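A short write-up of the structure that comes next.
Please read these numbers as outputs of a predicted model, since none were measured by experiment.
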Amino acid sequence: MMNLEQYFCKTVSVVSMENKEYTGKVDVYLPPNDNDGQEGIGITCGVWLDEEDIKSIKIID
C-alpha cells in the first residue's frame, strides 16, 4: 500500500506505470475499502489514478 492519503490537498508530480507525468493538486482521495481494495487519487489536471497505476509520486509545493 502506498499511503496516498498523505498527498491529499498537496500539489504533486506523478509518474504513471506508462511513464506519463501528471502534475496537479490531489483533490480526491479514496480509501481502499471504497475503491475495490486499492487507494485512489484524483488530480486537478483531470486524472484519476489507482495505486497500481502509480510508478512514483512526490510533493512539489
Side-chain angles (χ1 to χ4, degrees):
M1 188 174 271
M2 297 188 87
N3 190 21
L4 295 177
E5 187 174 14
Q6 68 181 321
Y7 301 103
F8 183 59
C9 293
K10 306 276 193 234
T11 301
V12 297
S13 175
V14 178
V15 177
S16 73
M17 289 299 193
E18 292 90 27
N19 290 315
K20 294 181 182 175
E21 188 170 347
Y22 304 101
T23 302
K25 186 173 183 178
V26 178
D27 61 349
V28 178
Y29 167 75
L30 237 91
N33 58 336
D34 291 336
N35 192 38
D36 295 327
Q38 290 194 60
E39 290 182 295
I41 55 171
I43 304 173
T44 56
C45 66
V47 174
W48 175 267
L49 297 165
D50 290 330
E51 64 182 302
E52 70 179 8
D53 302 322
I54 298 171
K55 183 184 283 185
S56 67
I57 184 171
K58 64 181 176 180
I59 297 171
I60 60 172
D61 60 66

Non-hydrogen side-chain atoms of Ser13 and Glu21 separated by less than 4.5 Å
yes
Separation of Asn35 CG from Tyr29 OH (nearest 0.5 Å)
9.5 Å
Within 6.0 angstrom of Lys55 NZ, more than 12 heavy atoms from elsewhere:
yes
Between atom CD of Glu39 and atom CG of Asp50, what is the distance when rounded to the nearest 0.5 Å?
10.0 Å
Can you confirm whether more than 12 heavy atoms, excluding those of Asn33, are under 6.0 Å from its CG atom?
yes
To check you understand the geometry: which heavy-atom pair defines the closest contact between Met17 and Ile54, and what is its length?
CE-O, 3.6 Å
In the hydrophobic clustering that connects Ile, Leu, Val, Met, Phe, Trp and Tyr at side-chain heavy-atom distances below 4.5 Å, which members other than Val28 occupy its cluster, ordered by chain and number?
Leu30, Trp48
Please check this pair: side chain of Gln38 against backbone of Glu52, looking for a donor-acceptor N/O pair closer than 3.5 Å.
yes
Minimum heavy-atom distance between Thr23 and Ile43, given as atom pair plus value
C-CG2, 4.2 Å
Identify the two heavy atoms, one from Val26 and one from Tyr7, that lie closest to each other, and give their separation to 0.1 Å.
CB-O, 3.3 Å
Please report the interatomic distance CG(Leu49) to CG(Leu4), rounded to the nearest 0.5 Å.
9.0 Å
